[in-house]
Amino acid sequence: MSSIADEVSRRRTFAIISHPDAGKSTMTEALALHARVINEAGAIHGKAGRKSTVSDWMEMEKARGISVSSTALQFNYTSSGAAEDAEPSVINLVDTPGHADFSEDTYRVLTAVDAAVMLIDAAKGLEPQTLKLFQVCRHRGIPVITVINKWDRPGRTPLELLDEISERIGLTPTPLFWPVGIAGDFRGLRDVRKDEYVHFTRTAGGAKIAPEEHLSTDAALDREGDVWAEAVEETELMTEMGQGHDQEMFLAGQTSPVIFTSAILNFGVRQLLEALVELAPAPHSRTAIDESERAVTDPFSAVVFKVQAGMDAAHRDRLAFMRIVSGEFERGMVVQHAQTGKPFATKYAMTVVGRDRETVETAYPGDVVGLVNANALAPGDTLYDGAKVQFPPIPSFAPEHFAVVRADSAGKYKQFRKGIEQLGTEGVVQLLRNDVRGDASPVMAAVGPMQFEVVVARMKTEFNVDVQVERLGYSVARRTDAASADELNRQRGVEVFERNDGALLALFSDKWRLQYIEKEHPSLSLEPLVAAAD
Ligand SMILES: Nc1nc2c(ncn2[C@@H]2O[C@H](COP(=O)(O)OP(=O)(O)OP(=O)(O)O)[C@@H](O)[C@H]2O)c(=O)[nH]1
């Protein structure tokens, strides 16, 4: 039996951050294809015309063609250079919702990973959502591997794309695999560190792994001529400027290894997997609220980062996804829930790939496990065994959209309350209440208005309640305290609420109103909340 330390060292847990449409689903599928989880591209995430996709849990996702919910995909991968008897690497890919309105979900997902792949469309370069998610990675100290995708299509030049990265976000790109052929004429990659040419051959419809041929520099020059020479020249230019890979600087978030890919043709995908195994960090210790460190080899502990329900109409249940921080997890073990001090039985532990669930028997740091019917668990909660540990809560984003929600029919009040409570605990929206509005019409607070649509859809499908949503004219929230609440409530354009986590929030119609009140009443306590881009 291998030790926990061995299990940890072969694990890599990462997420792909990208702007919608950069190719995240296609890349996920290509990675699964290379790890031989699937035999043909199209089985997991295939869009139009192909089999249904893993993340199409909700009708709304299908209608909009975006991923609303998160999933985790685990697969084994044997690195090409690995010894014959070596255990394969275990890759955990945690899916992130792409749409900006779900950035709060994405933020939670990023608390569960040790590295990120920043996927960029070669024709578009850095896009707003990528930028925002990159800032979250930087804030959390998550190292980032850069992937420039869609190289099979016309796009910008490699140097232009990399300049943009260093200039706009101050991240130094260090090429690992450089394209041979301009965007739109993707012939292969120059392996910068080995100084060899990896030539790819297309497969029909990009459904299979693209065969690779490895050629020496001379053979590459013979085959590709100037196109090869240009790739060499460009990469040498970068290395001369000090832009060679440096593991320490990568882990410190100062540099980012770069790979050019075509997810749709499966070019460069194996190289990405190799880079993840070779360079991305294995799971490491985590700091608890009391500043102590929970080492990966300590007794079991985990953080819940996502709670989700209604993944399948046939299983009307909630799944809480936890990322294991330390120790060995065995299904059936009774662990402690730090927030309530109550025991929690883990009889129904699952790994989930889309609608398919598999019972998980054991899991290790870095792994993601879904706990079924985990009604007591909320994002940010800690589960542990042995010595008590509690990890810091996941900060809630500053909401910018507010709306009253109420049941269409008074007869449905009980279901309404139950449903709204549940969605609030899951973190679909933040819930705000005050005595004036009462329990029948709580206020939902969200980072993006599509969160309200999720509430409407889920209230109907899961709780059988039609709800009405009425937008409110507030746009700024501040945390306040009980001593300030009365004075704030007397102000025009301000309303104070208690949020479902117990915090007191004051809502303001706009930032000018807020500034005016801060100036007129400097003694009031008004603290900013974490902004989405902080
Ligand atoms: N030519 C080309 N097209 C690609 C490539 N990767 C993805 N695409 C296409 O780009 C479109 C978007 O790809 P997706 O994989 O759905 O992108 P996504 O980032 O998952 O999008 P969201 O689900 O909106 O987050 C699809 O039409 C893909 O077929 C690529 O490497 N080359």
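Keep in mind that the numbers below use all heavy atoms, side chains included, and drop hydrogens, waters and symmetry copies. Since the structure is predicted, the reported quantities are computational estimates derived from the model, not experimental observations. In each ligand, atom 1 is the first atom listed, and ligand 1 is the first ligand listed.
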Interatomic spacing from CG in D114 to CG in L276 - rounded to 0.5 Å: 11.0 Å
Under a 4.0 angstrom heavy-atom cut-off, which atoms of ligand 1 come close to A22? 19 (O)
Taking only residues two or more places apart in sequence, or in another chain, which ones meet H214 in a side chain to side chain donor-acceptor pair (under 3.5 Å)? E196, E212
Do V369 and F329 touch side chain to side chain, with heavy atoms closer than 4.5 Å? yes
Of the choices D21, T26, I148, which has the non-hydrogen atom that lies closest to atom 21 (O) of ligand 1? D21
Rounded distance (nearest 0.5 Å) linking atom CZ of R153 with atom CG of L265: 11.0 Å
Using a plain distance cutoff, I'd like to know if T261 has any nitrogen or oxygen under 3.5 Å from a nitrogen or oxygen of ligand 1. no
Which atoms from ligand 1 have a heavy atom of S25 less than 4.0 Å away? 15 (O), 18 (P), 20 (O), 23 (O)
Looking at P20, which atoms of ligand 1 are within less than 4.0 Å of one of its heavy atoms? 24 (O), 25 (O)
Numbered atoms of ligand 1 (with element) below 4.0 Å of K24, judged on heavy atoms: 15 (O), 17 (O), 18 (P), 19 (O), 20 (O)
What part of I264, side chain from CB on, backbone N/CA/C/O, both or neither, has a heavy atom under 4.0 Å from ligand 1? both
I'd like to check whether S18 has a polar contact with ligand 1, where a contact means an N/O of the residue lying under 3.5 Å from an N/O of the ligand. no
With distance as the sole test, does S256 use its side chain to make a donor-acceptor pair with the main-chain N or O of T146 at under 3.5 Å? yes
Can you list the steps and then say if R223 with E213 is a salt bridge (charged side-chain N to carboxylate O under 4.0 Å, His left out)? CA-CA 12 Å; R223 161 111 46 125; E213 220 180 320; 2.7 Å; yes
Testing the 3.5 Å rule here: is there a donor-acceptor pair between the side chains of E274 and S80? yes
Give yes or no for whether the N/O distance cutoff of 3.5 Å, strictly under, is met between G23 and ligand 1. yes
Please confirm whether W151 comes within less than 3.5 Å of ligand 1 when only nitrogen or oxygen atoms on both sides are compared. no
Residue portion contacting ligand 1 (non-hydrogen atoms closer than 4.0 Å) for R153: side chain
Atom indices of ligand 1 within 4.0 angstrom of N149 heavy atoms, with elements: 5 (C), 6 (N), 31 (O)
Run the side-chain donor-acceptor check on residues 119-127: report pairs under 3.5 Å with partners two or more places apart or on a different chain.
{"residue": "D121", "atom": "OD1", "partner": "A123", "partner atom": "N", "Å": "2.9"}
{"residue": "D121", "atom": "OD2", "partner": "K150", "partner atom": "NZ", "Å": "3.4"}

